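These numbers come from a predicted model, not from an experiment.
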Amino acid sequence: MSKPKFYLTTAIAYTSRKPHVGNTYDIVLADMIARYKRMTGHDVYLLTGSDEHGQKIEEYARAEGIAPQEYVDRVSSEIRAVWDSLNVTYDQFIRTTDPRHKAVVQKIFKKLYEQGDIYKGEYVGKYCVPCESFFTPSQLKDGKCPDCGREVTDANEEAYFLRLSKYSDRLMAYYEEHPDFFQPESRRSEMVNNFLKPGLEDLCVSRTSFTWGIPVTFDDRHVVYVWLDALSNYITALGYDPDGPAETYARYWPADLHVIGKDIVRFHTIYWPIILMALGEPLPKQVLGHPWLLFGEDKMSKSKGNVLYADELAARFGADAVRYYLLSEIPFAQDGSITHESFIAKYNTDLANTLGNLVNRSIAMTNKYFGGRVVRPDALEGPDQELLDTAAAAQKDYRRLMEVYHNAEALDVLMALARRCNKYIDETTPWVLAREESSLPRLNAVLYRLLECIRLLGVLLRSFLPATADSIFTQLQAPEELTGWESAMDGFGSVPAFEVGTPVPLFVRIDAEKVLADIQRERESARQEEEKAAPEGVAFLPEITIDDFAKIDLRVAEITDCEPVKKAKKLLRLTLDDGSGEPRTVCSGIAPWYAPDDLKGRRIVLVSNLKPARLCGVESCGMILAADDGEAAKVLFVDGVAPGSKVR
């Protein structure tokens, strides 16, 4: 009998920069589900990858003075290295710059155009560069992007549009016919009330204001806009082609589950289903829009200094420790939180004290008292039945929770079983039983039941902590047939005897004070290196008084000319009219976010009495003011104010 298939995907990671630990939750969660489904007898295909086109990529590459392809090659490799550091088992890592993906996206675009589902028009509205998203004024939140809260810019350009409105009623009917389409279910009301009921506006699916994208074959002024490009990866990876069938596609599509962050639910539950409807293809069965991982109470931001990277955490604490934190700390429908302090506390409490201590002392006692071998007992006494009942309940609850992706609750169940085992040791006092010859049969029974619980924990933890589970089975010297799903479901007593190996600590307790001090020293060292590397005239300033501030001469200046600085990745050379009658040259590291033509004629705030500094061979006489929101620099424009005006 063939295995039932299970095709799941992650959101493909955007190649703007290396992903932080919050960005890795997609792949770790999907890998946990994939491992569980494989264990329970499914033919699993897990797809992940990188999203590599768009305006932001083009700007970042230009800032570094390299081609966009070179830029995304590097960042995509970084993404894959982070994924691999967490021991994930994807079947394919797709890149949207893959030639086959690009060719099929072009065919999809042409097919939808020829059948009238895509048409040419003009876009007028608001655009968020970091999110690569268009919005109408009514969709903005406090005048800013409703998804990320950043500033938006006016957009007006020729574009092709997908007729979302044509499929609105059909999509609503699909929601009603498939009540499990959304996970958590609360995401459904958000999509219906905020987007479908007010009326869907047709979706912009091409751009002309940048070139780093997949060209539209019949109109070379346009490139395919990111969402039609990126979302199509879920089918192009399987070999989908509008011109004919593909064996892998026929085998695995429709997707059983899209694993994504809650911020892109709209794209996966409105835009993507409509694209598939227009293509005449089946829709995915379910979309899981998971919460975020915050740093304390805040979103992670490099400007706030609160970004943690999963591969660095894995190098310091181990991949399974990172997996455990991610999968246990983020509830099904609520944001989770991480700091170094909370990570270490959870590591010590759950992994070192509860699980690690249980395994280590149980195997050590088996070696010490019975030469490493215990046999299956017959009778139950004392707290035995309560332990067995806890184990049986854990098996049942684990399966129920895993089937609906409540991974944090499933891990709570397993840790509760481990705590019950530790309590069982305290109740039965093996070290006391070992003193009397007559108590040895009872001691054998106690240790056998502990090892059987540990074996069960090993099986059920395998989806979460694969390396830890392997270590447990190695120490138990368990044959392969005793490490699988069926053996875990057989209940107690399926193992005639245990012959254990040498105990090896699963998790060594962390000296929190020492490690946190080490981390602080590393941060301070990195900060000092940044300060040393800063150009002359750029300093890390201490707290100042109002008298200090009064020494700064702020004036309005108009940018009369602008060009990149040769051999500099981020610098633009600005020629300014500051009202003095003499042109002034200022170098500014804003090339990643602004093209020279976008700045000419704009008026800015200038620090006019800053000591001149030579940057990449150019004397810079001043500094312009800009805000840093963690993703981009935003120049403070004061258009309409005369050059030379003082800013107080």
Taking the cut-offs as 6.0 angstrom to the six-membered ring centre and 45 degrees off its axis, would you call K634 and W593 a cation-pi pair?
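The answer is no, since K634 fails at least one limit relative to W593.
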
Parallel, tilted or perpendicular: which describes the rings of Y36 and Y398, with under 30° parallel and over 60° perpendicular?
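If you compare the ring of Y36 with that of Y398, the planes turn out perpendicular.
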
Is the Y71 ring parallel, tilted or perpendicular to the Y60 ring (thresholds 30°, 60°)?
perpendicular

Check: A408 main-chain N/O paired with S328 side-chain donor or acceptor under 3.5 Å:
no

Do any N or O atoms from the side chain of D31 and from the backbone of T89 form a donor-acceptor pair under 3.5 angstrom?
yes

For N87, enumerate each residue passing the side-chain contact (heavy atoms from CB on, under 4.5 Å) test, keeping only those at least two apart in sequence or located in another chain.
R35, P466

Contacts of A30 that satisfy side-chain contact (heavy atoms from CB on, under 4.5 Å) - sequence neighbours left out:
L8, T10, L46, V259

Residue pair [X] / [Y], side-chain heavy-atom distance below 4.5 Å:
X	Y	result
W292	K262	yes
W83	F93	yes
E59	P592	no
N444	V375	yes
L29	I330	no
T15	D73	no
M402	L460	no

Apply side-chain hydrogen bond (donor to acceptor under 3.5 Å, both in side chains) to Y309 and N23, showing your working.
CA-CA 9 Å; Y309 294 104; N23 302 138; over 6 Å; no

According to salt bridge (Lys or Arg N to Asp or Glu O under 4.0 Å), who are the partners of E341, at least two apart in sequence or on a separate chain?
none

Mind checking what makes salt bridge (Lys or Arg N to Asp or Glu O under 4.0 Å) contact with D311, not counting sequence neighbours?
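For D311 the salt bridge (Lys or Arg N to Asp or Glu O under 4.0 Å) partners, ignoring immediate neighbours, are K18.
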
More than 12 heavy atoms of other residues, nucleotides or ligands under 6.0 Å from [atom1] of [X]: yes or no?
X	atom1	result
E524	CD	yes
E481	CD	yes
Q385	CD	yes

Can you name the nearest heavy-atom pair linking P19 to I79, along with the distance?
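Reported closest heavy-atom pair: CD-CG1, 3.7 Å.
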
Side chain to side chain donor-acceptor pair (under 3.5 Å): which pairs involve residues 356-370, sequence neighbours left out?
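Every side chain to side chain donor-acceptor pair (under 3.5 Å) pair that includes a residue of residues 356-370, provided the two are not neighbours, is R361-N422.
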
dist L443:CG -> L433:CG (nearest 0.5 Å) comes out at 5.5 Å

How long is the span from the CD1 atom in I454 to the CD1 atom in I363, to the nearest 0.5 Å?
5.5 Å

Show your working on salt bridge (Lys or Arg N to Asp or Glu O under 4.0 Å) between D256 and K37 and close with a plain yes or no.
CA-CA 11 Å; D256 294 272; K37 291 295 182 179; over 6 Å; no

Salt bridge flag under 4.0 Å for residues R442 and D384:
yes

Using a strict cut-off of less than 4.0 Å between a Lys/Arg side-chain nitrogen and an Asp/Glu carboxylate oxygen, indicate whether D426 and K423 qualify as a salt bridge.
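The answer is no: the pair does not qualify as a salt bridge.
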
Sorted by first residue and then second, give each ring-ring contact (aromatic ring centres under 6.0 Å, His included) pair with at least one member in residues 403-456; sequence neighbours left out.
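As it turns out, the ring-ring contact (aromatic ring centres under 6.0 Å, His included) pairs with a partner in residues 403-456, which skip direct neighbours, are F332-H406, Y448-F498.
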
Between [X] and [Y], a side-chain donor and acceptor under 3.5 Å:
X	Y	result
T390	E386	no
Y45	Q92	yes
E436	S438	no

